[in-house]
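Here is the structure we will look at.
Numbers for residues simply follow the sequence, beginning at 1.
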Amino acid sequence: DIVEFAYLNSREYQSQKETLYATALALTRERYRYMTKFSAGGNGATVDYDHVRDAGVESNTLSLPSSVSSDRVIALGGTAVARFANNVVLTFKGPQGFAEDISSNLLFEFTQSVFQRDILLEPLIQSERNVVYAGRNFARFRKQFYFSLAQTYYLDLLSTYRAIEINTQNYF
């Protein structure tokens, strides 16, 4: 019970726990830099409509551009990017019907840095080390915390109990 109450009321314990959490959060952010990230663009939000009247002929054009891309830092320290773009244009010409123009592009891009791989991965490695250090510091703090609780509360309580017991025996 003493330990549970100490956890709830100790600012030092809470700050040590928050430091460990913040360090782990920094590692998660650093690992995110090396994950595959997807992004979408022009997915229906950029609809282009155009109405043209030229020499008595009306033409209505509706365009829906869309694209999807992903990028990732590869194990050798380079970057791989893949993009797919799609463009749909429908032209309505009244009673003559409509004409469609559908085009798609697929792009792959690989870049390799001239720096060594270990230099590019150093922030991730350092973040992992920081989490190990923070975990070790937290474990050391908990050990010292338990010892101080035992010394402050349990040993004082035990010595008081023994003093009462000895005084009782002396009385009799």
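Across Ser127 and Ala26, no two heavy atoms sit closer than the pair OG-O, 4.3 Å. The nearest pair of heavy atoms linking Gly135 to Leu20 is N-CD1, 3.6 Å.
Within the structure, salt bridge (charged side-chain N to carboxylate O under 4.0 Å, His left out) pairs that include any residue of residues 141-166 comprise Arg162-Glu165 (at least two apart or interchain). Pairs engaging residues 20-37 under the salt bridge (charged side-chain N to carboxylate O under 4.0 Å, His left out) rule: Glu30-Arg33, Arg31-Glu128 [sequence neighbours left out]. Among residues at least two apart or in separate chains, there is no side chain to side chain donor-acceptor pair (under 3.5 Å) pair with a member in residues 9-24.
The side-chain contact (heavy atoms from CB on, under 4.5 Å) test applied to Phe147 returns Gln151, not counting sequence neighbours. Every residue was checked against the side chain to side chain donor-acceptor pair (under 3.5 Å) condition with Thr168, not counting sequence neighbours, and none meets it. Scanning for side chain to side chain donor-acceptor pair (under 3.5 Å) contacts around Tyr34 gives an empty result, with sequence neighbours left out.
Both Leu106 and Phe110 are assigned to one and the same hydrophobic cluster, defined by single-linkage of ILVMFWY side chains at heavy-atom distances under 4.5 Å. One hydrophobic cluster, built from ILVMFWY side chains closer than 4.5 Å, holds both Phe138 and Val3.
The closest side-chain heavy-atom distance from Asn137 to Phe141 is not below 4.5 Å.
Environment of OH in Tyr7: crowded, with over 12 heavy atoms of neighbouring residues, nucleotides or ligands closer than 6.0 Å.
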